[in-house]
Structure formats: structure tokens, C-alpha cells
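Here the structure is laid out as C-alpha cells; the discussion comes afterwards.
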Amino acid sequence: MRRARIASLLLALALPLPAHTAELTVSAAASLTDAFNEINRLFSAKAPGTTVRANYGASGTLLQQMAGGAQVDVFASADQATMDKAVAQKLVDARTRRDFATNSVVLVAPMRDSAPIRTLQDLDTPAVKRIAIGKVASVPVGRYTRQVLESAGLWTTLEPKFVPADSVRQVLDYVARGEVDAGFVYRTDAAVRKDEVRIVMTAEGHTPVSYPVAVGADSAHKDLARQYADFLATPLAREVLERHGFGKP
């Protein structure tokens, strides 16, 4: 019986999805960029005629775009709070919402010529002058960062050193280029530029980092969008996500 189930799964993965001629717009958190670029190619290969147009950015910014009338077929956020707002504003179909990945927040510093940072408390020293963080109002990693620093009693003390960024990838850029002494990003982002940034520590004291996905309420291709959301749970997509450092939901 087990062998029969495995054979059926392999056959299903080998068969393409029903043919469509459509452009699917996927708005996804910036931290998903590299993984989703691969996943989008795999999905297009399994759904002949489908073109996936990716729109990456801070989850809060993507939400604002949707609220402003942007046509989105699939929305993937880096936090639950932003997806909660999307549901409350009826911008997504709540029935299609599901979690598909997890992550962790890390403190990073430039690989070269960086200040001596080993703990959060080291951020409150004269050697550290600039700390990049995501904008709390629109960037989930910024909110996670605030929770981390508030738990450590350092948020107010460190505020004068903050360099706000429009996305987690912008935080990563600031650190990699040595424009700041430290920054908070996801572990998956740090891995993208591992030759330019070093992970100081894994941050604690924040809500778990989990990624939900949902079909856009006004999607013109709802069946195809549901297939995309379902595809994120398949072994093919999971292998890509795990290879890029994302955990299981």
C-alpha cells in the first residue's frame, strides 16, 4: 500500500497541471525572492501557458498596493499580522489562507571591518553607531526586531542609532556594503550574501516567523491561483524552500 501511494505521488508530480493561458501575479515578501524565483519557474513548467509575474517587497507595502487597487492573484506575507489585515479588508479569500514556511531572525554584521559585536548588549556601545532595521510600520522583520529589542530592554536606548529600511533586503544591502555596523534580517537572507555578512546570533523574544499565503479576492484566475497556493505544499516546492533555508510550517 505504501509503495502504491508513493507511486501515485510520483505520477502526479510528473503530470502537468491543466493547461491555461494566463499571467498570474504573485505578490510576495522580499525574503522569498530567491526561493520563489525557482518555484515560479517550476509552476510555469507544470502549468503550460502560464506566466508568473512576481512582485516582491515589504509585506506591508504589498498590502497597501492591494488596498489601492493593484490586481493580485496570490499574496504571500512574511507575517501573520499583515495577512490578518488583508483578510479584514477583504483583499484575499480567507478560505484559501494557509501557512507554508517558517524562518528565524538573526543579527548580522559586515564580514569585514565590523565592530566587535557578539551579543545584543554590544549594540549599546560607542563602537556601534548605525543599526539597520526594517520600518516597523510596513516591514515585518522590523516588527520582529522591535519585539527582540524590547524584550532585551534595548529598544529605546538604541533608537538614535536606527537606520530604517524599506524591506529586509534593503537591511541586508546596508550591512553587506558596510554602511551600518549591524542589522536584523532573516536567516535565509543572511545566507544569500554569506560572503559579505556574518551572523552574530539568532534573535529571541519575538513571535514565531511564519509565512501565510492566500488567493487575491479579486483574482481573475482564482482556480489557477489556488493551484499555485497548493503547489507551495508539494515536495517540489518544499525542496526549494528548504534548500533556501525555510522551515516547515
Measuring from [X]:[atom1] to [Y]:[atom2], what's the distance to the nearest 0.5 Å?
X      : Y      : atom1 : atom2 : result
Thr234 : Lys46  : OG1   : NZ    : 8.0 Å
Arg238 : Phe231 : CZ    : CZ    : 12.0 Å
Asp189 : Gln170 : CG    : CD    : 12.5 Å

Heavy atoms, side chains only, cut-off 4.5 Å: are [X] and [Y] in contact?
X      : Y      : answer
Phe75  : Val26  : no
Val105 : His206 : yes
His244 : Asn37  : no
Arg169 : Val192 : yes
Val92  : Met83  : yes

Indicate whether the side chain of [X] and that of [Y] have a donor and an acceptor atom separated by less than 3.5 Å.
X      : Y      : answer
Arg146 : Ser151 : no
Gln80  : Ser210 : yes
His221 : Glu23  : no
Thr188 : Asn103 : yes
Thr96  : Asp93  : no

Results of side chain to side chain contact (heavy atoms under 4.5 Å, CB included) for [X] - residues two or more places apart only:
X      : value
Ala54  : Asn40, Tyr56
Ala225 : Leu24, Asp73, Val74, Val215, Ser219
Asp124 : Leu154, Thr157, Leu158

If hydrophobic clusters are built from ILVMFWY residues whose side chains come within less than 4.5 Å, do [X] and [Y] share one?
X      : Y      : answer
Tyr186 : Val213 : yes
Val168 : Leu62  : no
Leu224 : Met66  : no
Val171 : Leu32  : yes

With a 4.0 Å cut-off, would you call [X] and [Y] a salt bridge?
X      : Y      : answer
Glu196 : Arg177 : no
Asp173 : Arg193 : yes
Asp230 : Arg98  : yes
Asp79  : Arg143 : yes

**OP:** Give the C-alpha distance, both sets of side-chain angles, the deciding distance and a yes or no for side-chain hydrogen bond (donor to acceptor under 3.5 Å, both in side chains) between Asp99 and Tyr211.
**Re:** CA-CA 6 Å; Asp99 296 342; Tyr211 292 69; over 6 Å; no
**OP:** Check whether more than 12 heavy atoms from other residues, nucleotides or ligands sit under 6.0 Å from atom NZ of Lys85, and answer yes or no.
**Re:**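 No - once you tally the heavy atoms of other residues, nucleotides and ligands closer than 6.0 Å, there are 12 at most.
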Original post:
Should the heavy atoms of other residues, nucleotides or ligands under 6.0 Å from CD of Glu150 be counted, would the total exceed 12?
Top reply: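 Yes, the 6.0 Å shell around CD holds more than 12 heavy atoms from other groups.
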**OP:** Evaluate the side chain to side chain contact (heavy atoms under 4.5 Å, CB included) criterion for residues Arg130 and Lys161: first the C-alpha distance (whole Å), next the side-chain angles of each, then the deciding distance (0.1 Å), finally the verdict.
**Re:** CA-CA 5 Å; Arg130 293 162 62 84; Lys161 300 184 179 185; 5.9 Å; no
Subject >> Minimum-distance pair of heavy atoms, taken over all atoms of Ser77 and Ala29 >> reply: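 Here Ser77 and Ala29 meet closest at C-CB, 4.2 Å.
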Original post:
Nearest heavy-atom pair of Ile117 and Leu107: which atoms, and what distance?
Top reply: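 Reported closest heavy-atom pair: CG2-CD2, 4.0 Å.
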Subject >> Lys90 side chain to Val87 backbone, donor-acceptor under 3.5 Å >> reply: no
Subject >> Side chain Thr33, main chain Ala30, donor-acceptor under 3.5 Å >> reply: yes
Original post:
Using the ring of each side chain (for Trp, its six-membered ring), is Tyr228 parallel, tilted or perpendicular to Phe36, with breaks at 30° and 60°?
Top reply: perpendicular
Original post:
Would Arg187 and Thr202 count as a side-chain hydrogen bond (donor to acceptor under 3.5 Å, both in side chains) if you check the C-alpha gap in whole Å, the side-chain angles of each, and the deciding distance to 0.1 Å?
Top reply: CA-CA 8 Å; Arg187 182 173 294 277; Thr202 300; 2.2 Å; yes
